[in-house]
Structure formats: structure tokens, C-alpha cells
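The structure appears below as C-alpha cells.
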2 protein chains.
Amino acid sequence: MITARIKRGSAELAILALLAEEPLHGYEIARRIEKQSGGVLRFTLASLYPLLYRMDKRGWVRGAWQTLPSGRQRRCYELTPKGRKQMPPMLKEWGLFFRALHKLAGVSRA
Amino acid sequence: MITARIKRGSAELAILALLAEEPLHGYEIARRIEKQSGGVLRFTLASLYPLLYRMDKRGWVRGAWQTLPSGRQRRCYELTPKGRKQMPPMLKEWGLFFRALHKLAGVSRA
DNA sequence: TCCCTATATATAGGCTTCCGATGTATATGT
DNA sequence: ACATATACATCGGAAGCCTATATATAGGGA
């Protein structure tokens, strides 16, 4: 039986989902999480960068330095096949968790 | 704007929801969380008891020792009015959070 | 009789995950 | 000139949960 632990780990899923659409750099990821969640999910940069390094180390994303025309540097992250494989089980686990919490406490999406 | 932090804190909500139906002792709470969530939410007793003490300290629940006919003792927890008031905002926050995660990553309840 | 499981509470120690505060540096608008 | 936005980075710490362990009683099966 799949058991969904009670945990916050939704940040990783959010990042994977964003990078599944297109490669992004850190600062842009944070902005999109806030924007695309309607301002609900706030995510500080102090949380984001260590998270990205960890996901890079695991091989879920691959970061590469870019040099902008201005000469400025930034790190662009791309989803790897291994990272893409992580998504379905995470989606399933969160779905299960949500349904369970709904059954117990009546949490609704509406 | 209400911002839902990314956190696991669902345990407190689950406990409040169970105690809203009827007073229960710790061991029974853990059993019901597992049972009523279809085995999805697992919750170790080592997490549960400190949580109950904290909620008692905050005045959300009130624990009282019972002596069973067998002479055995156990602690029965009851929801307080203050505890009941915590539920609607928590439900709202979790609802917002799930909608946001659904928008971002496609987490579904179905 | 002895052991195993279930019931019931409790604590120590530690891990993961996230946040606040702070720092550095460049680009852009006013 | 100055404020704001962009962009990355780290330190320290808090929160929330788990593993392991301890204690003690009750009931069932070998």
C-alpha cells in the first residue's frame, strides 16, 4: 500500500512541474510559483537555491551557467529524464494525501 | 491575502477533526487516523503524544485521566471551544494550498 | 506456563525541510 | 543620485515528524 507521509515536500513537485514546461533559472522559478499559484504559495529564495542544488545532486535537474548579452551570469535549470520520472508518484502521493485529509477533516478544493 | 505555507501541519487538523466528533484517547486517535484515511495517513505515536501536549498547552484540547474498570489509566482528550475555532481557517488554508498545487502541478483528488 | 500481540503512555535523539536575516553584485527607471 | 528589480548565495535556527527505546497491563494461543 502506498502511504503518503504528512510532509511539506510539495516544493520539489512544484519545481519539477514548472521545469517540465521549460527550463528556468532560480529567480524565475520562485516568481512563477507565486504567480501561477495565485499568490498562495510563497517560496523564499533562501529555500529555493539549496533545494535546487539538492535536486541537481540527485540528478533530477541539471543546472548550467548562462552568460546573458549584458555579460551577466545566471544558472538555468533543466529537467532531466530522471527528474521527470519522479513526478507521477509524487502526484499520486499528494492526491492520496488530499483525499485522505478530505475524508478526515472535510478539506475541499472548491 | 491568505498565504498557505508549504508545511505538513495537517496532523493537528486531523486530530481536531476527530475530536470534533467525540472525545478520544491518544492511542485511539492514531488508530482512527489510519483507519479513516484508508490507511494512507500513518502517524506514529511518538509524534502524536507531544502533539497532544502542545495542543493541550494551547488550550485547543483538554486531556483528563480516566480510570477504566480494569483499573488501568488512560488520558481522554476533548475538543475545547478554542480548539473548534482553529478548524475553519486551517481547512481554508489547506483548501487553498491544494488548489494552488493543483494549478501548478495537476494534483487531483480523483 | 510461556510467549506473542494488542493496548496505552512516554521520552531521547536526530533528520528533513523550510524561513528570516544578511550579503554581494548588476541593471533599469526616475 | 537613488530606489527598485534582478540574480545568486549562505548562516543560523525553528518546526514537524520519525526511529528507537522504555514501561506496564490484558488476552489469546502453543
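On a predicted model such as this, the values are computed, not experimentally measured, just so you know. In the text below, chain A, chain B and the rest are named by the order of the sequence lines, each starting its count at 1.
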Give the rounded distance in Å between these two atoms: [atom1] of [X] and [atom2] of [N].
{"X": "Glu28(B)", "N": "dA8(C)", "atom1": "CD", "atom2": "P", "result": "8 Å"}
{"X": "Leu68(A)", "N": "dA7(D)", "atom1": "CG", "atom2": "P", "result": "7 Å"}
{"X": "Gln66(B)", "N": "dT7(C)", "atom1": "CD", "atom2": "C1'", "result": "14 Å"}
{"X": "Lys35(A)", "N": "dT6(D)", "atom1": "NZ", "atom2": "P", "result": "11 Å"}
{"X": "Phe43(A)", "N": "dC19(C)", "atom1": "CZ", "atom2": "C1'", "result": "10 Å"}
{"X": "Met55(A)", "N": "dC18(C)", "atom1": "CE", "atom2": "P", "result": "11 Å"}
{"X": "Leu45(A)", "N": "dC11(D)", "atom1": "CG", "atom2": "P", "result": "17 Å"}
{"X": "Tyr53(B)", "N": "dT9(C)", "atom1": "OH", "atom2": "C1'", "result": "6 Å"}

query: Could you give the distance from OH (Tyr77(B)) to CG (Leu48(B)), rounded to the nearest 0.5 Å?
result: 8.0 Å
message: So for atom CZ, which belongs to Arg84(A), do other residues, nucleotides or ligands contribute more than 12 heavy atoms lying within a distance under 6.0 Å?
response: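 No - once you tally the heavy atoms of other residues, nucleotides and ligands closer than 6.0 Å, there are 12 at most.
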Establish, with yes or no, whether the OP1 or OP2 oxygen of [N] is under 4.0 angstrom from a side-chain nitrogen or oxygen of [X].
{"X": "Arg54(B)", "N": "dG16(D)", "result": "yes"}
{"X": "Tyr27(A)", "N": "dC8(D)", "result": "no"}
{"X": "Tyr49(A)", "N": "dA9(D)", "result": "no"}

query: Taking for each residue the nucleotide of DNA chain C with the nearest heavy atom, is it Glu12(A) or Gly71(A) whose nucleotide lies nearer the 5' end?
result: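 Result: Glu12(A).
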field: Closest-nucleotide ordering on DNA chain C, the 5'-leading residue of Pro50(A) and Ala46(B)
entry: Ala46(B)
- prompt: Taking atom types as they are modelled, is there a donor-acceptor pair under 3.5 Å from the base of dT7(C) to the side chain of Arg74(B)?
  reply: no
query: Does Arg72(B) make a side-chain donor-acceptor contact with the base of dT25(D), cut-off 3.5 Å?
result: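 When only heavy-atom distances are counted, Arg72(B) does reach the base of dT25(D) through a donor-acceptor pair under 3.5 Å.
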- request: Look at the aromatic rings of Phe98(B) and Phe98(A) and report parallel, tilted or perpendicular, splitting at 30° and 60°.
  value: parallel
message: Pair Met90(A), Glu12(A) - check side chain to side chain contact (heavy atoms under 4.5 Å, CB included), show working.
response: CA-CA 9 Å; Met90(A) 290 176 86; Glu12(A) 292 182 350; 3.9 Å; yes
- prompt: When we call it a touch if two heavy atoms are under 4.0 Å apart, what does Ser70(A) touch: a base, just sugar-phosphate, or nothing?
  reply: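 Answer is sugar-phosphate: Ser70(A) comes under 4.0 Å of backbone atoms only.
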message: Test side chain to side chain contact (heavy atoms under 4.5 Å, CB included) on Arg75(A) and His25(A); report intermediate values, then the result.
response: CA-CA 6 Å; Arg75(A) 200 168 181 75; His25(A) 61 279; 5.7 Å; no
